[in-house]
Amino acid sequence: MTISEINAKLSVESRIERGSIAMKNKRKQYRILLSAVASIGIIAIFAVCMVKFMPTRERMSPESYFGITGTSEAASALGGTEAVIIVEDHVAQERAVIIDGSAYIDYTLVQRELNSRFHWDASAGLLLFTTPDQIFEIAPNGTTYVVDGQSFDAGYEILKTSSSGMFLSVNFMQQYSDLKFELFDAPARIVVTRGSTERTVATVNRDSAVRYLGGIKSPIIKDVTEGQQVKVLEQMENWSQVMTEDGFIGYIKNSRLSDVQNIVTDTYYKGPEYTSITMEGRVNLVWHQINYPEMNANLEQDIAGMTGVNVISPTWYYLSDNEGGVLSYADKSYVDRAHAAGLQVWALISNFSEDVSTTTLLASRTARQTVQNYLISQALELGFDGINIDFEGIAQEAGYDYVQFMRELSILCRKNQIVLSVDVPVPMDFSKHYNRGELGAVCDYVIMMGYDEHYAGSEVAGSVASMDFEITGIQNMLSEMPKEKLISAIPFYSRLWYTKTLEDGSTEVTSEAVTMEGAEQIIAQQGVQTVYDESTGQQYAEWTDAEGRLCQIWLEDDNSVAARAALVKEYDLAGIAAWVLGNEKDSVWAIISNAIA
């Protein structure tokens, strides 16, 4: 091989080697590039994960959380500073005012949620506070209050007023309420806790953050430390809604909570007891309708077939005007004769008069007192045993005054050992203002009028009192008051319904009340058969009359009375009542007595 050939070969091999080195270098650079891209990808994924899974440290200011935007008009008017109010599990819409270190709470909140026994009486210009045996009279913007004519000095203003509203002293309120008030700063706020209440609490097991909403991306509203106790409002799968001791309500991870338990808070106030008069055994009451004085003479005749009843309630008294006037059909000899027959007498007063605005009457302290004093004087003069209040159709705006009327009357009844009972409709959402819980506290007995499921003005025909209506009513009543005070009232009447189709295709529905025997006679005259209606628990009949009207009736009879009376024993109630004497068959008395024994 020549030198030139050798050089040529070496040149080729050199180029191959250089190409190989270049290729290796390119591969190395590619691997470095791939590695860099992979690293960037990992960093990007990590960054995304950090954004997605790392808790935010964003914080919500206390002012933003509590919705504080500046000093309220009320606080400015009273020369104080605004304070937030936290009641149990929510921030109240009303505010408090801090004046020289003392707290005053908006009266609207006091009345609605805290202690409704503080009652503003506009007619007298006084704040009234009612206990079982006394009424406190508190004038606005003063330091004194009056009880039974005696004046006392609190040493501070009790009720502050301005054009922006009324504010009641926390210092005064907590003396007479089963409530604890704690004042915190930055921002100013009052945490209200009810005494003698069951609640769920938990211990924070490590330093944690309470967040505005459930989730790590929600802003922090409060830091809590290990060992701190929080109130648990709601437990969910991963988070719990909690309230801190200083009033922040938010969310914390379940893993940060330990020792979850139910406790009962201490009693902060034990006032005088609402004592009650209780009859031995169950009450078996019947109302006796007295439409004019001469009807009192029929007592012996009307009760001739009656057995087992221990209370009779004559409908003697009627509100007659807005100033507290009362129309009376009362008769002392009736009381004496009823007592001789072994019956207590609970005289009834009603508000069934077109000349009376119950709302107007109840709003006047003078009118309330006129009615109350008259009833007490009648009980003492005639010797009857109890008073039965039958004020129906109470407007929602009159609810507070109605309950106040009962509180005030209960004091007089308690002092004179007169039984106080009150008649209320079956609980419905639209009748919450009757405040059955408070009535159960101040009255000896509360009578649920378990009828008028369908009434004279109903647009559709139906039962006066179906079994479901009765049962649901009793259960709802017992959610508000003790069974020892609840009397279940049943009807002794049915309604015969007429549905007429008019020329324009619409229907006209009317009805009339009929007695038990009257209903049986009508069905016999029509020659129709009754059938058992599962939906109401009653016998039912229908037919078409000579005018082409559809006639329908759901019967109150021995079987329906037995079923309803059995509920008294099933729910261990205080007794039974029936409307009205004279509408029944004699057979029902033994049925009722046996059912409630």
Using the test side-chain contact (heavy atoms from CB on, under 4.5 Å), find all partners of Tyr400 that sit at least two apart in sequence or belong to another chain.
Gln111, Arg112, His119

Restricting to side-chain contact (heavy atoms from CB on, under 4.5 Å), what partner residues turn up for Glu503, sequence neighbours left out?
none

For His433, the side chain to side chain donor-acceptor pair (under 3.5 Å) test, sequence neighbours excluded, returns none

N-O pairing of Lys483 and Asp572 below 4.0 Å:
yes

Sorted by chain and residue number, the side chain to side chain donor-acceptor pair (under 3.5 Å) partners of Thr161 (sequence neighbours excluded) come out as Asn141

Would you check if the side chain of Asp533 reaches a backbone N or O of Gly537 as a donor-acceptor pair within less than 3.5 Å?
no

If you look only at pairs with a residue in residues 587-597, which of them pass as a side chain to side chain donor-acceptor pair (under 3.5 Å), with sequence neighbours excluded?
Asp558-Ser587

Do any pairs count as a salt bridge (Lys or Arg N to Asp or Glu O under 4.0 Å) and have a residue in residues 284-294, sequence neighbours left out, and if so which ones?
none

Under the side-chain contact (heavy atoms from CB on, under 4.5 Å) rule, collect the residues that match up with Leu299, sequence neighbours excluded.
His288, Ile303, Ile312, Tyr334, Arg337, Ala338

With sequence neighbours left out, the residues meeting side chain to side chain donor-acceptor pair (under 3.5 Å) with Gln404 are Thr130, Arg407, Glu408

Thr315 side-chain N/O to Ile290 backbone N/O, donor-acceptor pair under 3.5 Å
yes

Any salt bridge linking Arg117 with Glu438? Criterion: basic side-chain nitrogen under 4.0 Å from a carboxylate oxygen.
yes

Evaluate the criterion ring pair (Phe, Tyr, Trp, His ring centres under 6.0 Å) for residue pair Phe352 and Tyr318; output intermediate values, then yes/no.
CA-CA 7 Å; Phe352 304 138; Tyr318 302 81; 7.8 Å; no

Output the distance between atom CH2 (Trp346) and atom OG (Ser313), rounded to the nearest 0.5 Å.
8.5 Å

Those residues that, when tested against Lys569, pass side-chain contact (heavy atoms from CB on, under 4.5 Å) (two or more places apart)
Arg282

Residues in side chain to side chain donor-acceptor pair (under 3.5 Å) contact with Lys500, at least two apart in sequence or another chain:
none

Salt bridge or not between Lys585 and Asp557? Use side-chain N to carboxylate O under 4.0 Å.
no

Between Thr197 and Gly195, is there a donor-acceptor pair closer than 3.5 Å when you use the side chain of the first and the backbone of the second?
yes

Please tabulate, for the side chains in residues 444-453, all donor-acceptor contacts under 3.5 angstrom to protein atoms that are two or more places apart in sequence or on a different chain.
| residue | atom | partner | partner atom | Å |
| --- | --- | --- | --- | --- |
| Asp444 | OD1 | Ile277 | N | 2.6 |
| Asp444 | OD2 | Leu420 | N | 2.8 |
| Tyr445 | OH | Met279 | N | 2.7 |
| Asp452 | OD1 | Tyr493 | OH | 3.2 |
| Glu453 | OE1 | Ser466 | N | 2.8 |
| Glu453 | OE1 | Ser466 | OG | 2.9 |
| Glu453 | OE2 | Ser466 | OG | 3.3 |

Taking all heavy atoms of Thr515 and all of Gly582, pick out the closest pair and write down the distance.
CG2-O, 4.5 Å

Extract all donor-acceptor atom pairs below 3.5 Å that involve side chains of residues 390-397 and protein atoms in other chains or at least two apart in sequence.
none

Can you confirm if the aromatic rings of Tyr540 and Trp554 lie within a centre distance of less than 6.0 Å?
yes

